[in-house]
Structures are given as structure tokens and as C-alpha cells.
Protein chains: 2
Amino acid sequence: MSTPSAPDATLTVGDVADRVGLAPSAVRYYDERGLIRSVRTTGGQRRFGRDTIRRLAFISAAQQVGKTLDQIADALETLPDERTPTHDDWAAIATSWRPGLDEQIARLEALRDKLDGCIGCGCLSLERCALWNPDDAAATLGDGARWLLGESLSDVDATATATAVHDPSRS
Amino acid sequence: MSTPSAPDATLTVGDVADRVGLAPSAVRYYDERGLIRSVRTTGGQRRFGRDTIRRLAFISAAQQVGKTLDQIADALETLPDERTPTHDDWAAIATSWRPGLDEQIARLEALRDKLDGCIGCGCLSLERCALWNPDDAAATLGDGARWLLGESLSDVDATATATAVHDPSRS
DNA sequence: GTAAAACTTCAAGTGAACTTGAGGTCAAGG
DNA sequence: CCTTGACCTCAAGTTCACTTGAAGTTTTAC
């Protein structure tokens, strides 16, 4: 839809699709959504600049870690329109995404490392575990310690205090 | 729809929904999908055992790191039907998921740590970077070095190494 | 005993991210 | 020039994970 930053817009939809391993329909969709830029030939066909490959690779990578197209679009918005983005332009995105990515990594590590421990004993506090901390749930439940996996408040209350390891699963 | 492992199925949909911070409709949906188990009252209402909380917490945590309900269902299938799952039952899931979770972590770390470096210079090889390695793309492109973000084969050919292979993979 | 709150099923709707298909046009090789 | 493959638009379909609404039933609390 909009003009690509570089004047050398020579790549077709199929070209860029092949290079990043996407379907042509996906490339058109991204163009429509404004995540990438194209110019049109006199006949109305899309042509992309080489930096589109870079954008698409970024889009794919970001998608693979769970970013939505809206989030990706927001990030790409920060890149300059008129010139090919520099290292610093991309680095700015890396910086702004860092906290979110760190949190995701923490969640994954928690699920990976603590799954057996936490679920097995049902004793992990919400505040101490990155695994179970959906933003909205944390907001609505905000009082006192909740428990990650297994016994919930009433169960814990019923059995013992702080370090309670009520463990019915150890049969 | 099937019977819960514990005979003390006393929790209603609303109870479990509140405790894990889910909507009642989601709980019913999971029940319908077979991810959790319930018994019915004479009046036809669902009742859940306490271990359902544990399952739901697991489902939520797994979903947050991008697992689909099908994948989660598969994992939960490995848990015993007749008794409350033990530490070891859950640990088995942790073990089988480990490689996938490790890969996801690697991707995230790559996006976090290498975004500026990789994209800025456009010089990272596919084989050396965890960021850009979607399974299917890797499978279809399987030959030679492809490049992560930025300059693609032809660009690289023009500038440096001659190990590039133009892949004739598409129609 | 009754009223309200929570439950029930079932069908349809939502939004994200595309894909598919129809019907037609463009561009490059021979 | 002409064929062939890739491109175009637009509308509709798909999958996932639910949510919403309607119409009715059950439980609980007083």
C-alpha cells in the first residue's frame, strides 16, 4: 500500500514469500495490514524492497514467540518510513520488548523446571512463582497468598499455615 | 463428563472457575473437551473434585506459554484416571515437554538478546540462530545456509560467501 | 415454600490470522 | 504474439478457544 523505503522495489509476492517461508497469501495479508510496504507496478502488482525480507523475518520470529500482529505492527511503526532501518532502530524494539520477553522466559522456565515440584506438592505460593501469574487473575485475587497448582485457599487454610505441604497426591 | 478421580466431588463450576480465575464458560468448555472430569448431581449439575483445581491451573499455565488445548489434553491423558495424580505423574509431563519448552526459551532468548545484532547486520546464519528456525521452513529449505534476518540468499551471494543455493521449492 | 442465584443445553457469535476459491489480469519466455 | 504461471481483488471459509444469549432447571437461603 505505502511506498517501500528503498527505491529498488523489485521483489514479487512470490519472491519474498519463498525467501521467508511464508505463503503468498500471508504476505498479501501483511501488506494489507500495513506490516510491510509495497509499491505497485503499472499493472497493479506488488513489488517489495529487499528490507521487506528483514521485516518478514522479524514478523515470523515475533509471531513464533507469541506476539500478535497488532503488537508487531506497533513495533514496526517505530521504524523509519523514509530510510532503511538501522541497527539502532531495531535495537529500540528489542529494548521495548525486553520486559515482556523476560517475563515469558520466566514463565517457560517455571513450567519447565517447577512443574513436577509445584504440581506434585501443591504448595507453591502465587507470589513466589512466575508460572501462575496471569495479570487479570492476579488483579482480581489480589489478597494474600494464593496457591499455584493444587490446593487452593480454603484447602490450605483448612490444613495448616504458611509452610503447609498437604499432599494427598503422595499416595 | 467422566468421573473425577476423587469421590469428594463437591465443587461447582462457579467454585472452580473462581479459584483459578477462569470464566465458568471456559470450565464447561474444558469439561466438554475432556480436559477435566466431573460427576453430575441428580439434577444434572456438574461437580468437581479438588484435583480439578490443579488440572485447571496446569491448563492455564500451559496455555500461557502457548500450548494448545489439544497438546494439553494429550499431556493430561497420561495422568491416571482412577487415582489422584502423583508427583511422578506430573513429572512425566514435565519431562516430555522439556525439549519443546527448551526450544521455546531459546527462541525467546534469541529474540531478546540478538534482535539488535542479528537484524542490524543481517548476517546471521539460520543454522546458528535459534530465532529463525520454524520447523516446516527448515524442512522445506533444508539445504545449505539460509539467513536469519535481513539479507537473503541473493544478497549474500552478491556480497560474500558462495555457498548459497537457490531453492526451487515452490510450485 | 418461594425467590434469587447459579446452574443446564444448544446454537450462534467473536477475533485472530490466515486460506481458499472464483473470476479475471499481468509479465516473461519462446 | 501468445501461452503460461504468477499475480490481482473480493468474499467466504477455517481453526482455535472461547463467549454470549435464550430458554429452561436446580440449589440454596430465608
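So you know, we letter chains A, B, ... as the sequences are listed, proteins then strands, and number each from 1.
- As a whole-Å value, the separation of A/Leu69 CG from D/dC16 P is 18 Å.
- Rounded to an integer number of Å, the gap from CZ of A/Arg33 to C1' of C/dC18 is 10 Å.
- Atom CG of A/Asp15 and atom P of D/dG5 are 17 Å apart (whole Å).
- Nearest-nucleotide assignment on DNA chain C puts the 5′-proximal partner with B/Arg28, out of B/Arg28 and A/Thr41.
- In this structure, A/Glu32 atom CD and D/dA11 atom P are separated by 11 Å, rounded to whole Å.
- For the pair B/Phe48/B/Leu56, no side-chain contact is recorded, criterion being any heavy-atom separation below 4.5 Å from C-beta on.
- With distances taken from any side-chain atom of A/Thr68 to the nucleotides D/dC7, D/dA17, C/dA17, the minimum falls on C/dA17.
- Straight-line distance from the CG atom of B/Asp31 to the C1' atom of D/dT19: 17 Å, rounded to whole Å.
- For the pair B/Leu11 CG and D/dT28 C1', the interatomic distance rounds to 16 Å; values are reported in whole Å.
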Under the criterion salt bridge (charged side-chain N to carboxylate O under 4.0 Å, His left out), I'd like the reasoning laid out for B/Arg28 against B/Glu32: C-alpha separation, chi angles, the key distance, then a yes or no.
CA-CA 6 Å; B/Arg28 290 194 196 95; B/Glu32 210 174 302; over 6 Å; no
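- Residue B/Gln63 has a polar side-chain atom (N or O) positioned under 4.0 Å from OP1 or OP2 of D/dC18.
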Applying salt bridge (charged side-chain N to carboxylate O under 4.0 Å, His left out) to B/Arg37 and B/Asp51, what does each step give before you reach the verdict?
CA-CA 10 Å; B/Arg37 263 147 329 97; B/Asp51 60 333; 5.2 Å; no
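- When rounded to the nearest whole Å, the span between CG of B/Asp70 and P of D/dC16 equals 6 Å.
- In terms of phosphate contacts, B/Thr12 brings a side-chain nitrogen or oxygen within less than 4.0 Å of OP1 or OP2 of C/dC7.
- Contact between the side-chain N/O atoms of A/Arg46 and the OP1/OP2 oxygens of D/dC8 is found at a separation under 4.0 Å.
- At D/dC16, none of the side-chain N or O atoms of B/Tyr29 fall inside 4.0 Å of OP1 or OP2 (strictly under the cut-off).
- Comparing A/Ala26 and A/Gly44 along DNA chain C, the residue whose closest nucleotide (by nearest heavy atom) sits nearer the 5' end is A/Ala26.
- For the atom pair B/Leu35 CG and B/Ile72 CD1, the distance stands at 7.0 Å (nearest 0.5 Å).
- A/Leu56 has its CG atom 11 Å from the P atom of C/dC18, to the nearest Å.
- Checking the phosphate oxygens (OP1, OP2) of C/dT9, a side-chain nitrogen or oxygen of B/Arg40 falls inside 4.0 Å.
- Look at A/Tyr30 and you won't find any side-chain N or O under 4.0 angstrom from OP1 or OP2 of C/dA17.
- Put simply, the side chain of A/Leu111 reaches to within 4.5 Å of the side chain of B/Leu101, judged on heavy atoms.
- Applying the 4.0 Å criterion to OP1 and OP2 of D/dC18, one finds that B/Ser25 has every side-chain N and O outside that range.
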